[in-house]
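I have placed the structure first, in the form of structure tokens, so that the comments after it can refer back to it.
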Amino acid sequence: MTSMVTNDIRGDISLVLNFYKAFGFESLPLDSADTDKEAALMALRHEIGDCRRCKLSKGRTNLVFGEGNPNARIMFVGEAPGREEDKEGRPFVGEAGQLLTRLINKMGEDLGFERKDVYIANIAKCRPPGNRDPEADEIETCLPFLKKQIAIISPEIIVSLGKISAHTMLGRSGPFNSFFITKERGKFGEYRDGEISIPVMPTFHPAYLLRTPSDKVKTWSDAQAVLKLLKHPAMRGMI
Ligand code: SF4
């Protein structure tokens with residue numbers, strides 16, 4: 001991972017060090033990749049601050065940064081916080097979040113991971129009014145933060161939840177209404193950001209699965225493909 005830490009992130013780590021120095025610490029124990037990642041995520045959260053960079057700031061209660069293991073092998077990316085998430089400041093904690101938690105825990109039975117071992121974030125970090133989809137300008141403004149999170153965590157696989165997330169993670173440029181998650185799900189695509197390339201598995205958003213439980217079987221099939229790649233990383237070159 002160390003080689004993937006960008007100069008920007010190194011600068012962010014310096015910010016954290018300076019912050020601790022101001023409180024009398026001589027240094028931070030930055031001698032492991034784990035601590036590097038934690039420190040870089042802390043610095044990123046510090047950089048975002050009380051963000052007012054887009055209009056979603058007006059209606060939010062809490063900014064939802066994301067949570068999980070900085071060393072996660074899988075990162076789940078939704079579109080934006082909903083009502084419960086906005087209230088708690090945590091991603092996927094409402095009914096859809098509970099379904100996602102069950103999915104993750106079920107996926108992890110074989111490989112020994114659960115929700116706390118993956119990383120969960122959203123394309124936009126503030127709740128859109130009335131739970132509407134985040135708009136293109138809001139995504140454009142907020143996306144650099146998620147890109148930095150991905151660069152820091154460097155997951156082996158990204159699972160995008162729903163149409164907006166898949167469209168964004170796959171770097172599609174067309175309008176959202178010409179992108180159909182029903183057609184795109186279940187096939188690995190690629191997230192690219194400079195030198196970074198990570199397989200993306202698009203699947204349904206858990207909120208959709210609450211409305212359409214018969215499609216849970218398709219999401220489980222997508223999850224199986226993710227697990228197969230995690231178990232056999234050499235397959236990555238064949239995707
Ligand atoms: S959605 Fe992102 S860019 Fe917009 S105010 Fe929230 S954190 Fe800032």
Side-chain angles (χ1 to χ4, degrees), residues 5-6 8-9 11-13 15-16 19 37-70 72 75-94 96-97 100 118-155 158-177 179 181 191-194 196 198 200 202 205-208:
V5 174
T6 64
D8 276 0
I9 293 166
D12 291 341
I13 292 171
L15 262 179
V16 172
F19 175 79
K37 289 186 181 188
E38 273 180 37
L41 286 170
M42 278 172 61
L44 175 60
R45 181 64 192 89
H46 181 75
E47 176 193 334
I48 297 172
D50 182 33
C51 185
R52 303 282 157 187
R53 294 169 178 86
C54 88
K55 58 187 182 296
L56 290 183
S57 61
K58 290 183 195 142
R60 72 154 186 253
T61 310
N62 286 299
L63 188 152
V64 180
F65 178 68
E67 68 180 25
N69 183 349
M75 196 160 165
F76 290 80
V77 178
E79 55 192 43
R83 189 163 48 100
E84 294 303 316
E85 290 75 19
D86 176 63
K87 237 194 265 175
E88 289 199 29
R90 294 180 53 216
F92 285 95
V93 290
L100 178 65
V118 305
Y119 200 92
I120 305 176
N122 283 301
I123 300 286
K125 300 198 178 299
C126 301
R127 183 194 181 204
N131 280 359
R132 66 159 168 76
D133 291 341
E135 294 171 353
D137 61 315
E138 296 156 354
I139 292 173
E140 193 185 337
T141 310
C142 204
L143 190 58
F145 299 138
L146 178 64
K147 286 184 170 182
K148 286 188 182 181
Q149 271 172 309
I150 293 171
I152 293 165
I153 295 162
S154 188
I158 294 171
V159 178
S160 63
L161 303 166
K163 166 186 178 141
I164 302 288
S165 172
H167 184 277
T168 309
M169 287 293 92
L170 294 172
R172 301 293 171 82
S173 53
F176 293 128
N177 61 12
F179 181 92
I181 190 68
Y191 166 83
R192 287 205 69 94
D193 181 32
I196 299 172
I198 300 170
V200 175
H205 194 284
Y208 165 82

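Along the sequence shown, residues are numbered consecutively beginning with 1. Each ligand, and each atom within it, is numbered from 1 in the order the structure gives.
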>> Using heavy atoms and a 4.0 Å limit, tell me yes or no: is R60 in contact with ligand 1?
In response: yes

> Any Lys/Arg nitrogen of D193 or K148 sitting under 4.0 Å from an Asp/Glu carboxylate oxygen of the other?
Replying inline: no

> Do other residues, nucleotides or ligands put more than 12 heavy atoms under 6.0 Å from the CZ atom of R83?
Replying inline: no

>> With side chain to side chain contact (heavy atoms under 4.5 Å, CB included) as the criterion, how do Y119 and I152 come out once you've worked through the C-alpha distance, each side chain's angles and the decisive distance to 0.1 Å?
In response: CA-CA 11 Å; Y119 200 92; I152 293 165; over 6 Å; no

> Are any N, O or S atoms from C126 nearer to atom 2 (Fe) of ligand 1 than 2.8 Å?
Replying inline: no

Using a 4.0 Å cutoff against the non-hydrogen atoms of [X], which atoms of ligand 1 qualify?
X: L63; result: 7 (S)
X: S57; result: 5 (S)
X: K125; result: 1 (S), 7 (S)

> Nearest protein heavy atom to atom 4 (Fe) of ligand 1, by residue and atom, and its distance?
Replying inline: C54 SG, 2.4 Å

> Closest non-hydrogen protein atom to atom 2 (Fe) of ligand 1, residue and atom name please, with distance?
Replying inline: C142 SG, 2.3 Å

> Between atom 8 (Fe) of ligand 1 and C51, is there an N, O or S atom separated by less than 2.8 Å?
Replying inline: yes

>> Rounded at 0.5 Å granularity, tell me how far NE2 in H167 sits from CD1 in I139.
In response: 8.5 Å

> Can you tell me how far the SG atom of C51 sits from the CZ atom of F145, to the nearest 0.5 Å?
Replying inline: 4.5 Å

>> Tell me whether N62 contacts the main-chain N or O of D86 through its side chain, where contact means a donor paired with an acceptor under 3.5 Å.
In response: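 Flag set: sc N62 to bb D86 pair under 3.5 Å.
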
